Amino acid sequence: MRRKVQNTLKASVAFEGPGLHSGQPARMVLIPAPAGHGIVFKRTDIALGNTRIPARWDLVERSPLCTRLVNTSGVSVSTVEHIMAALAGCGVHNALIEIDGPEVPIVDGSSAPFVRGIMQYGVHRLGVPATAYEVLKPVTVEKDGARATLLPSDRLTIEFHIDFAEAAIGRQSKVLDMRNGSFARELCDSRTFCRQADVEAMQANGLALGGVPGENAVVFDGERVVSGAGLRHSDEPVRHKMLDALGDLALAGGPILGRYVGERAGHALTNTLLRALFAEPGAVRAVACDAAMSARLPGQGLIWSEIPAEQRCVA
């Protein structure tokens with residue numbers, strides 16, 4: 001039977017900019033890597049010790065505001081969720097990510113610049129089968145009124161529900177089958193967001209120092225949207241939550257075949273869900289992807305013309 005092979009990048013691509021929370025500038029370079037390498041970050045600004053940080057669920061230091069990876073030597077990289085979502089959404093399984101700072105550049109607050117950077121050159125097929133993780137039985141975690149669940153499915157589906165007091169957000173729900181480039185079409189340009197009431201509190205605690213409303217974040221204040229030209233989708237917040245979920249699920253180490261349901265969930269809860277999935281006997285198994293599975297994986301069928309253009313605001 002034909003097997004779905006692993007992918008890497010056809011060429012290196014670089015991104016620069018400040019981190020959302022630290023405000024510190026960084027240059028990040030995505031570099032092609034061989035089969036079996038996986039996604040690995042490397043801190044080039046640190047001269048000594050172990051500076052490589054595999055993108056794995058068990059190396060996540062759980063936080064509600066971003067996803068931070070820390071290796072066994074204490075070397076870290078923060079806010080990896082948007083680049084991880086872009087790599088997963090483009091079907092890239094192997095890459096070395098060199099970065100000269102502590103946090104991934106926030107660019108425009110979404111994954112779209114990363115998707116465009118990757119796909120301007122495209123992906124390179126490697127001669128080794130890709131491994132996916134098939135969910136075999138339901139796993140659910142809950143905390144403080146939020147819930148995250150993984151259910152058996154023959155493809156990755158993401159379902160998300162949010163409920164905010166701000167009238168400009170309110171209740172939003174969306175379900176998306178992640179096949180056939182749907183991440184690039186439907187989710188990748190949705191930006192990170194927060195409430196105006198949270199901005200000062202975060203900055204007082206040394207966070208959100210690189211956030212600029214309208215440039216790399218959407219801020220909601222009651223019925224107002226503080227984002228310059230407006231929203232890219234009328235339901236941009238729930239779409240961004242789905243983007244985050246894909247990036248956090250990509251830390252499984254390969255594509256997930258399952259249905260993810262998030263109800264007011266965030267980064268920490270999704271990581272807790274992955275930990276529960278891999279800890280539960282018989283809940284998941286690794287499978288070598290065959291031709292039928294390949295058609296159901298994120299990134300398959302992605303077409304350049306379907307990637308959203310820059311600065312697109314429609315709502």
Side-chain angles (χ1 to χ4, degrees), residues 7-22 25-33 38-42 44 53 55 66-69 77-124 158 178 181-193 210-212 215-218 232-233 236 239-251 255 267 297-300 302-312:
N7 295 326
T8 188
L9 307 156
K10 280 189 176 179
S12 297
V13 58
F15 305 91
E16 295 183 354
L20 174 64
H21 293 295
S22 68
R27 185 172 192 267
M28 182 176 73
V29 184
L30 311 185
I31 301 170
I39 308 299
V40 178
F41 291 85
K42 181 180 179 181
T44 59
I53 313 164
C66 71
T67 298
R68 182 172 184 252
L69 296 168
V77 61
S78 296
T79 319
V80 303
E81 56 269 20
H82 300 171
I83 185 60
M84 290 302 300
L87 291 165
C90 293
V92 175
H93 311 109
N94 302 285
L96 176 65
I97 304 176
E98 293 188 343
I99 183 167
D100 65 0
E103 187 177 12
V104 171
I106 190 59
V107 290
D108 74 344
S110 77
S111 291
F114 299 139
V115 170
R116 286 191 288 266
I118 293 166
M119 295 308 297
Q120 68 177 318
Y121 301 111
V123 299
H124 173 62
I158 295 180
M178 301 306 297
S182 59
F183 171 75
R185 288 194 309 273
E186 302 286 344
L187 302 182
C188 81
D189 64 340
S190 295
R191 296 160 295 175
T192 192
F193 69 96
V212 181
E215 290 187 16
N216 56 31
V218 181
R232 295 176 177 177
H233 305 273
E236 190 169 353
R239 290 176 189 246
H240 185 79
K241 284 288 194 177
M242 297 169 75
L243 181 159
D244 280 346
L246 177 63
D248 291 334
L249 291 172
L251 296 173
H267 301 294
L297 296 181
Q300 302 306 303
L302 175 55
I303 299 171
W304 174 263
S305 62
E306 294 181 333
I307 299 172
E310 296 184 48
Q311 303 298 319
R312 183 182 72 133

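None of the values given here were measured: they were computed from a predicted structure.
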Determine yes or no for a side-chain-to-main-chain donor-acceptor pair under 3.5 angstrom, with [X] supplying the side chain and [Y] the backbone.
X: T8; Y: A33; value: yes
X: N94; Y: G38; value: yes
X: S110; Y: C188; value: yes

Against M119, only a single residue in V13, I303, L302 fulfils side-chain contact (heavy atoms from CB on, under 4.5 Å); can you say which?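 Passing option: L302.
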Side chain to side chain, [X] and [Y], heavy atoms closer than 4.5 Å:
X: D244; Y: H82; value: yes
X: L87; Y: I97; value: yes
X: V29; Y: D100; value: no
X: F41; Y: I83; value: yes
X: I39; Y: V80; value: no
X: Q300; Y: N7; value: yes
X: E81; Y: L251; value: no
X: P308; Y: R232; value: no

Minimum heavy-atom distance [X]-[Y], with the two atoms named:
X: A26; Y: P105; answer: O-CG, 3.6 Å
X: A11; Y: Y121; answer: CB-CG, 3.8 Å
X: A85; Y: L243; answer: CB-O, 3.5 Å
X: V115; Y: A86; answer: CG2-CB, 3.9 Å
X: C90; Y: V123; answer: O-CG1, 3.8 Å
X: V107; Y: P113; answer: CG2-CG, 3.9 Å

Between S78 and H21, is the side-chain contact (heavy atoms from CB on, under 4.5 Å) condition met? List the steps. CA-CA 9 Å; S78 296; H21 293 295; over 6 Å; no
Among H233, H240, E236, which residue meets the side-chain hydrogen bond (donor to acceptor under 3.5 Å, both in side chains) test with R191?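 Among the candidates, only E236 passes.
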Nearest 0.5 Å, what's the [atom1]-[atom2] distance between [X] and [Y]?
X: K42; Y: E98; atom1: NZ; atom2: CD; answer: 5.5 Å
X: R27; Y: T44; atom1: CZ; atom2: OG1; answer: 9.0 Å
X: M84; Y: L249; atom1: CE; atom2: CG; answer: 10.5 Å

Assess the residue pair N216 and T192 against the criterion (side-chain contact (heavy atoms from CB on, under 4.5 Å)); give the C-alpha distance rounded to whole Å, side-chain angles, the decisive distance to 0.1 Å, and a yes or no. CA-CA 7 Å; N216 56 31; T192 192; 6.0 Å; no
If we count only N and O atoms by modelled type, under 3.5 Å, do the side chains of E103 and T79 hold a donor and an acceptor together?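 E103 vs T79: donor-acceptor pair found between side chains.
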Who pairs with F114 by ring pair (Phe, Tyr, Trp, His ring centres under 6.0 Å), at least two apart in sequence or on another chain?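 By the ring pair (Phe, Tyr, Trp, His ring centres under 6.0 Å) rule, F114 matches F15.
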